[in-house]
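Reviewing the structure listed below.
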There are 2 protein chains.
Amino acid sequence: MQVTDQIIRNISRYTALEEQEKVDFLSLLSFREIAKKEAILKAGQPCQHLNYVHSGTLRAYCFDKEGKESTVMFAVADWWITDMFCFLNQKPAMLYIEALEGSSVFQLSRANFEHLFATQPSFERVFRILMQNAYTREQLRVIERLSLSAEERYDNFIAKYPQFVEKVPQKHIASYLGITPEFLSAIRRGKLGR
Amino acid sequence: MQVTDQIIRNISRYTALEEQEKVDFLSLLSFREIAKKEAILKAGQPCQHLNYVHSGTLRAYCFDKEGKESTVMFAVADWWITDMFCFLNQKPAMLYIEALEGSSVFQLSRANFEHLFATQPSFERVFRILMQNAYTREQLRVIERLSLSAEERYDNFIAKYPQFVEKVPQKHIASYLGITPEFLSAIRRGKLGR
DNA sequence: TTACTTTCTTAAGCTACCTTAATCTTTTTG
DNA sequence: CAAAAAGATTAAGGTAGCTTAAGAAAGTAA
């Protein structure tokens, strides 16, 4: 079993690949290991890679003008993560992406992303579906933010993403939900009392 | 000039189409006129269509358990709108979609959506890009909600979507931004004073 | 083991935004 | 056109969630 089996299995959920296509695809990727707390992207830098998480846990976040940190997404094995807007539009990154534990990713550069579509159009389908999933996920998050209380959003989060709850400090879950860690702590205390 | 020119021009921004491909694509669509306040989707119904807005203005919204309404998206000419999660996963709709003025759409059914990809793979690219745009738009909205005040979100909204500001009542803009119409009114009053 | 850092919790006072309800204005409809 | 409905504004009182600050707990490093 190879390290590349995992990503190939992931892609194969969306399109059937010939052996040669697998080889060609893999040749466009580079493997990168990331130490705990190491950043693979910092705001202001060019956002050059789309990252498939092979192992570990990553977090994307930004700062507002008062310096408050907001978590934009988490990614564990089999997730794709980047500052998508800046990756696609070739703008300096708005987001920081760093490892919450020792992690590893396969990186696809912006140029290879385009090259992939030009040479292997079946990857259009793969990314169409990945983008669809990402869109509906974010839209659901918008809807929950509009229509649920902080406590309800927390309940949904732990039901939907138990993998994250295990790996991620609560303060980051709070900043993903749009609340302070103090208030999340109060929510949790409330649950014990009941 | 035909009614179908507009949607063909929109698709052609993403992929070059042969004449026959245009014809085949158009044959999968149905044209529908929508009266002001008429709904093309209601929560609980099957979500059977992806809608390209040819003219007019549509709004997607939902209700929370207290009956409060939240606006999920607006769509004017050249936008695509549906309850994407339920359309893709064939679940009963969570959203209502209705016309804010007399409008017209081209509708692509779920079956024809799949048929399109099976017969004209170049549409994978079209929707890959549309889904990318939708994803980054929603992600930006999440980030703004996490890191900006209501007033800043309103300022950004009018800068980014002047077409909507013209067409849409303020109470719907308020519910899109996640605030009450009363509070939006207070924000606007504040701006005049300054 | 100790020391250091990070995370979590508690609690008191605070504020951005909400609720209610009345009035005013604009749009729609007959 | 008048009447009704829908939308916008104002203002007073209320609350969900924030801020600050301090201490406890847990993880990490030496």
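Both backbone and side-chain heavy atoms feed into the values below; hydrogens, waters and symmetry mates do not. Protein chains get the first letters and strands the later ones, always in sequence-line order, with residue 1 at the start of each.
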message = With a 4.0 Å cutoff (strictly under), does any side-chain N or O of Thr180(B) reach OP1 or OP2 of dC18(C)?
response = yes

task = Compare the minimum distances between each of dT20(D), dT10(D), dC17(C) and the side chain of Glu182(A), then state the nucleotide with the smallest one.
result = dT20(D)

key: Length of the line joining Ile173(B):CD1 and dT9(D):C1', which is rounded to integer Å   = 16 Å

ask   = Just to confirm, is there a sub-4.0 Å distance from OP1 or OP2 of dT9(D) to any side-chain nitrogen or oxygen of Arg188(B)?
value = yes

query = Are the charged groups of Glu101(B) and Lys37(B) less than 4.0 angstrom apart, N to O?
reply = no

message = Please tell me if Arg189(A) has a side-chain N or O lying less than 4.0 Å from either OP1 or OP2 of dT10(C).
response = yes

ask   = Nearest-Å distance, CD (Glu151(A)) to C1' (dT15(D))?
value = 15 Å

key: Nucleotide dT7(C), atom P - distance to NZ of Lys37(A) in whole Å   = 6 Å

query = Do Ser55(A) and Ser104(A) have a side chain donor and acceptor closer than 3.5 Å?
reply = yes

inquiry  = What's the closest nucleotide to the side chain of Ser185(B) if the choices are dC8(C), dT10(D), dG17(D)?
reply    = dT10(D)

query = With a 3.5 Å cut-off and no angle check, do the side chains of Tyr61(A) and Glu98(A) form a donor-acceptor pair?
reply = yes

query = If you check every side-chain atom of Ile179(B), which of dA6(D), dA11(D), dC18(C) has the closest atom?
reply = dC18(C)

request  = Report the nucleotide, chosen from dC18(D), dA8(D), dT20(C), that has the shortest atom-to-atom distance to any side-chain atom of Phe183(A).
outcome  = dC18(D)

request  = Round to a whole Å and report the spacing from CZ of Arg145(B) to P of dA16(C).
outcome  = 16 Å

query = Is any side-chain N of the basic residue among Glu124(A) and Arg125(B) closer than 4.0 Å to the acidic one's carboxylate O?
reply = yes

ask   = Which whole-number value in Å describes the distance from Gln170(B) CD to dT25(C) P?
value = 15 Å

query = Given the rule in the ring-ring contact (aromatic ring centres under 6.0 Å, His included) test, do Phe123(B) and Phe117(B) qualify, once you have shown the distances and angles that lead to the verdict?
reply = CA-CA 6 Å; Phe123(B) 277 85; Phe117(B) 298 130; 7.7 Å; no

Nearest-nucleotide pick for Lys36(A), side chain only, options being dT9(D), dC17(C), dT28(D) = dT28(D)

task = Take atom CG of Leu184(A) and atom C1' of dT9(C), then tell me their distance rounded to the nearest Å.
result = 11 Å

message = If you only use heavy atoms from C-beta on, which nucleotide in dT10(C), dC18(D), dC17(C) is closest to the side chain of Arg153(B)?
response = dC17(C)

task = Look at the side chain of Pro169(B) and decide which nucleotide, out of dC8(C), dC17(C), dA8(D), has an atom nearest to it.
result = dA8(D)

request  = Grab the CG-P distance between Leu100(B) and dT26(C) for me, whole Å please.
outcome  = 20 Å

request  = Tell me what Lys68(B) touches on the nucleic acid: a base, only sugar-phosphate, or nothing, going by heavy atoms under 4.0 Å.
outcome  = nothing

remark   = Ala150(B) has its side chain closest, among dC17(C), dT19(C), dC8(C), to dC17(C)

inquiry  = Rounded to whole Å, please give me the gap between NZ in Lys171(B) and P in dT27(C).
reply    = 14 Å

